[in-house]
Amino acid sequence: MKEHLSASAFKNDRGSVVTIGTFDGVHIGHSTILKRLVETGKKDELDSVLLTFFPHPRMVLQKDSDLKLINTISEKKQLLEDIGLDHLVIHPFTMEFSRLTALEYVRDVLVNKLHAKKIIIGYDHRFGRNRTANIVDLRDFGTTYGFTVEEITAQELNDVAISSTKVRKALEAGDITAANLYLGYNFMITGTVTRGKGIGKNLGYPTANLKPSESYKLIPKKGVYLVKCNINGEHYFGLTNIGTNPTVGGTRKTIETYFMNLSKDLYDTELRIEFITHIRDEENFESVQDLITAIKNDEQFAINFLKTHE
């Protein structure tokens, strides 16, 4: 898959079949549409292209929006590549871009830059300044500029919308099992290991303090989770705590992982942690000893879980 950081950077020697959207989460509903895009490209001998935008339009048009996304751009790229997409076009979304008329958007972006010969789009898709144009207008433009439009049905789009909502609600509730089911893969957080206060080490459970690579990343509910991570080609399992560590007087929210059977300095290492299941909510224990006992129980739960599920 080739990545292009604007529509202007896109180059191809033949026409394209294009779909458009944010595709946050790249979940099973999205996969259905994207696989159709890839299959259409192969059948019609066209390049399959996903046109997406960054920042997310709501981040630009609604300045007070605190929108959190299921995937970062780098995570999305990996997931899309696995589907077999030919091209990912990440076009900068700006106020200036939002003011393009429907004609300017279709002619200058979809036709002149992406060389669209076919567009696969939702029945309720709206575009152009103030989102005034619809799929009927797009078909009219197709007659003028030589492309066809394939409609994604209401049922298909409803499945996508339901899946996105369910993923978000599941993560906010800490229900990793459900979120992973809707996604079709393990929810992940990517970030860099930074130095913490060393509290875990003092308790006998040294942790890697992960700073997410992007501030807009959606973080699950506070609690303890079983996770896995590929480190230098080897898979390691661990316990990730999301929270403020109230038992030891913590106030700042952190993401800390104790890796079982791993003794290694991971500072400044970029890690991608995959969440497997929720173990328990974060608790404020009466004593540090009670906290240590709980961590031991968490570790035993993880060992037993892996014996039956891995």
Side-chain angles (χ1 to χ4, degrees), residues 70 75 78-79 167 170-212 217-250 253-310:
I70 298 166
E75 291 165 356
Q78 177 192 328
L79 294 164
V167 170
L171 292 173
E172 289 165 356
D175 190 349
I176 295 297
T177 302
N180 290 349
L181 183 65
Y182 302 135
L183 288 169
Y185 58 89
N186 291 333
F187 174 76
M188 64 190 83
I189 296 179
T190 306
T192 303
V193 179
T194 61
R195 292 190 180 275
K197 296 181 178 179
I199 295 172
K201 185 177 182 180
N202 292 336
L203 298 178
Y205 292 92
T207 60
N209 193 325
L210 194 73
K211 180 181 179 181
K217 175 72 177 183
L218 178 63
I219 306 300
K221 177 186 177 182
K222 292 179 182 178
V224 180
Y225 300 87
L226 172 61
V227 302
K228 70 177 179 180
C229 183
N230 187 309
I231 303 174
N232 296 327
E234 296 289 334
H235 274 104
Y236 294 93
F237 293 95
L239 307 174
T240 290
N241 182 76
I242 297 176
T244 58
N245 300 303
T247 304
V248 292
K253 189 175 181 180
T254 60
I255 304 171
E256 300 177 76
T257 302
Y258 162 65
F259 286 107
M260 300 180 286
N261 304 318
L262 175 65
S263 178
K264 185 178 182 180
D265 184 346
L266 295 173
Y267 291 127
D268 300 322
T269 302
E270 183 176 271
L271 299 180
R272 179 166 292 179
I273 295 175
E274 297 183 26
F275 286 67
I276 299 173
T277 193
H278 175 267
I279 298 177
R280 62 175 171 84
D281 290 343
E282 182 178 57
E283 299 178 52
N284 187 357
F285 295 99
E286 292 187 2
S287 69
V288 171
Q289 187 55 53
D290 287 344
L291 171 60
I292 293 172
T293 299
I295 297 173
K296 288 180 180 178
N297 291 337
D298 297 337
E299 186 172 19
Q300 191 58 54
F301 173 93
I303 291 169
N304 293 339
F305 184 94
L306 291 171
K307 283 179 180 177
T308 56
H309 291 79
E310 287 292 321

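Every value quoted in this text rests on a predicted model; they were computed, and no experiment measured them.
For E283, there are no side chain to side chain donor-acceptor pair (under 3.5 Å) partners two or more places apart in sequence or in a different chain. Legend: residues meeting side chain to side chain contact (heavy atoms under 4.5 Å, CB included) with Y182, ordered by chain and number and at least two apart, are K166, V167, A178. For T254, the side chain to side chain contact (heavy atoms under 4.5 Å, CB included) test picks out N209, N245, R252, E256, with sequence neighbours left out. A search for side chain to side chain contact (heavy atoms under 4.5 Å, CB included) contacts involving K211 returns T194, not counting sequence neighbours. Here E286 pairs with D290 under the side chain to side chain contact (heavy atoms under 4.5 Å, CB included) rule; sequence neighbours left out. Applying the ring pair (Phe, Tyr, Trp, His ring centres under 6.0 Å) rule to F259 yields no partners; only residues at least two apart in sequence or on another chain are considered.
Note that the CG atom of L183 and the CG atom of L171 stand 7.0 Å from one another [nearest 0.5 Å]. M188 CE to F275 CZ: the interatomic distance, rounded to the nearest 0.5 Å, is 11.0 Å. Here the CG-CG distance, from L226 to L239, works out to 7.0 Å after rounding to the nearest 0.5 Å. Taken to the nearest 0.5 Å, the OH atom of Y185 stands 9.5 Å off from the CD atom of Q78. Interatomic distance, I189 CD1 to I255 CD1, rounded to the nearest 0.5 Å: 4.0 Å. Distance check, rounded to the nearest 0.5 Å: CD1 of I231 to CG of L266 gives 5.0 Å.
Atom CG of D265 has more than 12 heavy atoms from other residues, nucleotides or ligands within 6.0 Å. N261 CG: 12 or fewer foreign heavy atoms inside a 6.0 Å radius.
Contact detail for Y225 and G174: the closest heavy-atom pair is OH-CA, 3.5 Å. Here the closest heavy-atom approach between residue L210 and residue T190 is recorded as CD2-C, 4.5 Å. Of all non-hydrogen atoms in P212 and I219, the two that sit nearest each other are CG-CD1, 4.2 Å. Here the shortest heavy-atom pairing between T177 and T277 reads OG1-OG1, 3.5 Å.
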Yes or no on side chain to side chain contact (heavy atoms under 4.5 Å, CB included) for D298 and Y258, after CA distance, side-chain angles and deciding distance?
-> CA-CA 11 Å; D298 297 337; Y258 162 65; over 6 Å; no
Yes or no on side chain to side chain contact (heavy atoms under 4.5 Å, CB included) for N241 and E282, after CA distance, side-chain angles and deciding distance?
-> CA-CA 8 Å; N241 182 76; E282 182 178 57; 3.8 Å; yes
I would like to know whether K253 and I242 meet side chain to side chain contact (heavy atoms under 4.5 Å, CB included); could you show each step before the answer?
-> CA-CA 7 Å; K253 189 175 181 180; I242 297 176; 3.6 Å; yes
Should N230 and L271 be marked as a side chain to side chain contact (heavy atoms under 4.5 Å, CB included) after you check the CA-CA gap, both sets of side-chain angles, and the distance that decides it?
-> CA-CA 8 Å; N230 187 309; L271 299 180; over 6 Å; no
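A donor-acceptor pair is defined here as one N or O able to donate and one able to accept, closer than 3.5 Å; such a pair exists between the side chain of K217 and the backbone of I70. Looking only at distances, a side-chain donor or acceptor of N180 sits under 3.5 Å from a matching main-chain atom of F187. In this structure a side-chain-to-backbone donor-acceptor pair under 3.5 Å is missing from E299 to M260.
The shortest side-chain heavy-atom distance between T257 and T207 does not fall under the 4.5 Å cut-off. A 4.5 Å side-chain heavy-atom check between K228 and N186 finds at least one atom pair inside the cut-off. Looking at K264 and N232, their side chains come closer than 4.5 Å, going by heavy atoms from C-beta outward.
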